[in-house]
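All ligand and atom numbering here is 1-based and tracks the order in the structure.
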Amino acid sequence: MKLSFVVLPSQKEVDRGQDWSRKFSLLSSLGYSGVELAIGNPESIDIDAIETAARRCGLEVPAIGTGLAFIEEGLSLSSLDEEIREKALKRMVDHIDLARRLNGQVIIGLVRGKVDGAPIGSRRWKNSFDKLTESIDRLCDYASKSNTILAIEPINRYETSFLNKTDDVLSFISRFKYSGLKVLLDTFHMNIEEGDFSTPVAKARGLISHIHFADSNRRYPGEGHIDFKRIAKDLKDIGYRGYISGEITLEPGFDECAKEFMANTKECLKSEELQDSAIYQKRI
Ligand code: LER
Ligand code: MN
């Protein structure tokens, strides 16, 4: 398992004095293998510069987060307003093109939208869910042309109206033919929605393309009450070989959080390896 950390490489960040290229160098020096990019609109950023900086730092780009398109612009794949939904689809097509270029996957998280004031199962909720299904169908069609992975993330009920649990996502993706439609598990959301961590990991075996690690309070592992050593063991048991990415609250700051995330996550993975070799020694 390799580690990555989320960076928002936007001009806004640079304007705020947050230089993303410096963050790339820092991640590399801390031992990260990848950088996960959170991007609202691929057209608003300098992709050449990002590609060059990532290559220079020896970082892969395992995944691209797309939630900013919903947070900042209200673009939603489940919108009943066709103009908004078409814009969201066009944006996701741009993200798929970007992911193909950077050899990463596209995350389908908050961009699936939220139905305010309509309870789950209500007519408006159902209509929106149908729109979401139609949107994913179209995106699968487009992504399959370049074999780009689309990773659907179960997100807790307070942030989105659809696909809150791992079971929801597994049954949803089983409705599509595209084998590149996968699952992204985020420990923060699992802590809210799941009865335990081991069962969803086991059920999603073979379908997990990416993982977000964040503690129960969305801080780096060790700051809350999630048992990451246990999760590391569960992931190892199912043969997960993808990335574990830090998507956490950046308090007190990016540098310290990236450092602590690396140290604490590595410790969880290491203790799992030690445990494993102890079992091995017992066997021989
Ligand atoms: C997106 O990956 C996510 O986990 C959401 O909670 C957005 O903050
Ligand atoms: Mn997440």
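Of all atoms in ligand 1, numbered sequentially from 1 with element shown, those under 4.0 Å from a heavy atom of H189 are 3 (C), 4 (O), 5 (C), 6 (O). Atoms of ligand 1 found under 4.0 Å from any heavy atom of E247 (numbered from 1 in listed order, with element): 1 (C), 2 (O), 3 (C), 4 (O). Annotation for ligand 1: atoms under 4.0 Å from non-hydrogen atoms of E159 are 5 (C), 6 (O), 7 (C), 8 (O). Contact atoms of ligand 1 toward H212: 2 (O) (distance under 4.0 Å to a heavy atom of the residue). Listed by atom number, the atoms of ligand 1 under 4.0 Å from D186 heavy atoms are 4 (O). Near E153, with a cut-off below 4.0 Å to any heavy atom, the atoms of ligand 1 are 1 (C), 2 (O), 3 (C), 4 (O).
Residue contacts with ligand 1 for E36 are absent, since no atom lies close enough (heavy atoms, distance under 4.0 Å). At a 4.0 Å heavy-atom cut-off, ligand 1 touches L110 through the side chain alone.
Both tests hold for R218 against F188: distance to the six-membered ring centre under 6.0 Å, angle to the ring axis within 45°. At least one cation-pi condition fails for K114 and F70: the charged atom is not both under 6.0 angstrom from the six-membered ring centre and inside a 45 degree cone around its axis.
With salt bridges taken as basic N to acidic carboxylate O contacts below 4.0 Å, one links D237 and K233.
A parallel orientation is assigned to the rings of F129 and W125, their planes being inclined by less than 30° (bins at 30° and 60°). Between F261 and Y32, the two ring planes are parallel [angle under 30°; tilted spans 30° to 60°].
No hydrogens or angles considered: nothing links the side chains of H189 and E194 as a donor-acceptor pair under 3.5 Å. No donor-acceptor contact under 3.5 angstrom links the side chains of S79 and D81, judged on distance only.
Heavy-atom contacts from other residues, nucleotides or ligands closer than 6.0 Å to CD of E82 number more than 12.
Here the protein contributes E153 OE2, D186 OD2, H212 ND1, E247 OE1 as N, O or S atoms under 2.8 Å from the Mn ion (ligand 2).
Taking the six-membered ring for Trp and the full ring otherwise, the centers of F254 and F5 sit less than 6.0 Å from each other.
Identified under the side-chain hydrogen bond (donor to acceptor under 3.5 Å, both in side chains) test for residues 195-206, with sequence neighbours left out: D167-K203, D196-T199, S198-R230, S198-D234.
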